[in-house]
Amino acid sequence: MMGKCKRMALLVCLCVLFLAGCGEVKVPDVVNSPAVAVDKEGGITVWQIGDFDKAYYDVSELTTMAVEEVKDYNAASGKEAAVSVEKVETLQDDSGKVAVVYRFDGWESCADFGENKIFYGTVGEAVEKGFGEDVIMKNLKDNTILTEDELAAAADRDLIITDIRADIYCPRKVTHISDGAVENADGSISSAGTEGLVYILLK
């Protein structure tokens with residue numbers, strides 16, 4: 001019986017190690033700055049952070065406005081759940097800011113709903129849509145530049161492209177990022193200091 005318990009404990013430890021090494025970046029429990037998270041199924045969550053330091057501001061009114069905006073968009077798009085409002089809340093860091101968290105069924109809805117550009121799909125699909133011209137991407141390990149031939153050979157690999165200035169949380173390990181983007185300590189990619197589109201190539 002003791003031997004079975006030890007084997008079970010070992011298996012659990014191995015599973016934990018395997019999951020920890022899968023490369024998926026976890027969004028922190030508390031998000032205090034603009035953020036974008038892309039999940040494995042292609043769903044996108046966006047944290048919009050804005051000033052909310054006036055005494056007459058009301059979170060419930062802001063929530064109502066956001067929900068109505070989403071309702072109108074879903075009706076116009078013909079999809080009941082293209083976008084949803086996950087939550088609206090003031091930040092607990094005394095910054096006087098508020099977070100509005102939107103959930104999108106895919107990058108198309110996300111790009112159509114707001115004013116920013118975003119894409120999630122294969123390199124080949126990105127090229128078909130006109131992305132990728134003159135983009136320079138570097139390897140996160142050694143900063144070597146991804147050549148055109150190497151990018152062409154990666155046609156089936158997934159790519160995130162956006163002009164949203166935020167911390168970007170990816171569904172798998174990131175191998176290359178475009179110029180100006182930075183890898184954060186938690187594995188997310190910061191596009192805060194970039195201009196134009198940010199390219200993130202996944203393993």
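Note that this is a predicted model, so its numbers are computed, not measured.
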### Query
Which atom pair, heavy atoms only, marks the closest approach of Ile177 to Ala181?
CD1-O, 3.3 Å
### Message
Using only atom types and a distance under 3.5 Å, with no angle test, would you say the side chain of Glu150 pairs donor to acceptor with the backbone of Thr147?
### Response
yes
#### Entry: For the student: nearest non-hydrogen atoms of Val135 and Ser178, plus distance
CG2-CB, 4.2 Å
### Query
Can you check whether Lys117 reaches Leu197 side chain to side chain, under 4.5 Å on heavy atoms?
yes
### Task
Begin with the C-alpha distance, continue with both residues' side-chain angles, and end with the deciding distance and a verdict on side chain to side chain donor-acceptor pair (under 3.5 Å) for Arg157 and Thr175.
CA-CA 11 Å; Arg157 288 172 58 182; Thr175 62; 2.6 Å; yes
### Query
How far apart are the C-alpha atoms of Val198 and Ile161, what are their side-chain angles, what is the distance that settles it, and do they pass the side-chain contact (heavy atoms from CB on, under 4.5 Å) test?
CA-CA 5 Å; Val198 170; Ile161 305 171; over 6 Å; no
### Message
Between the side chains of Asp39 and Arg172, is the shortest nitrogen-to-carboxylate-oxygen separation below 4.0 Å, so that they form an ion pair?
### Response
no
### Summary
Nearest heavy-atom approach of Pro171 to Ile160 is CD-CD1, 4.2 Å
### Message
Please give me the minimum heavy-atom distance between Ile44 and Gly106, naming the atom from each residue.
### Response
CD1-C, 4.1 Å
### Query
In terms of ring plane angle, is the pair Phe131 and Tyr199 parallel, tilted or perpendicular, where the classes change at 30° and 60°?
perpendicular
### Task
Determine yes or no for a side-chain-to-main-chain donor-acceptor pair under 3.5 angstrom, with Thr63 supplying the side chain and Val59 the backbone.
yes
### Message
Treating Thr162 as the side-chain partner and Ile118 as the backbone partner, does any N or O pair qualify as donor plus acceptor under 3.5 Å?
### Response
no
### Message
Within the structure provided, determine whether Thr194 and Arg165 are in side-chain contact (heavy-atom separation under 4.5 Å).
### Response
yes
### Task
Please confirm whether the backbone N or O of Val83 pairs with a side-chain atom of Asn74, one donor and one acceptor, at under 3.5 Å?
yes
### Query
Checking Glu86 side chain against Ser84 main chain: does a donor-acceptor pair fall under 3.5 Å?
no
### Message
Just so I know, are the side chains of Ser33 and Asp167 near enough to count as touching, which here means a heavy-atom distance under 4.5 Å?
### Response
yes
### Task
Can you see which heavy atom on Ala66 is nearest to which on Val100, and at what distance?
CB-CG1, 4.3 Å
### Task
Could you check if a side-chain atom of Leu159 sits within less than 4.5 angstrom of a side-chain atom of Ile200, using non-hydrogen atoms only?
no
### Task
Decide yes or no on salt bridge (Lys or Arg N to Asp or Glu O under 4.0 Å) for Asp105 and Lys79, but give the supporting numbers first.
CA-CA 10 Å; Asp105 63 354; Lys79 295 191 292 184; 3.0 Å; yes
### Any donor-acceptor pair under 3.5 Å from Ser191 side chain to Ala166 backbone
yes
### Verdict with supporting geometry, Ile189 and Asn184, side-chain contact (heavy atoms from CB on, under 4.5 Å)
CA-CA 6 Å; Ile189 303 299; Asn184 294 320; over 6 Å; no
### Query
Side chain of Arg103, backbone of Val101: donor and acceptor closer than 3.5 Å?
no
#### Entry: Side chains of Tyr169 and Asp186 in contact at under 4.5 Å (non-hydrogen atoms)
yes
### Message
Can you confirm whether Gln48 sits close enough to Val46 that some side-chain heavy atom of one is under 4.5 Å from a side-chain heavy atom of the other?
### Response
yes
### Task
For Asp156 and Thr122, work out which heavy atoms get closest and say how close.
O-CG2, 3.8 Å
#### Entry: Validation row: Val27, Trp47 side chains within 4.5 angstrom (heavy atoms)
yes
### Message
Parallel, tilted or perpendicular: which one describes the rings of Tyr102 and Phe113, with boundaries at 30° and 60°?
### Response
tilted
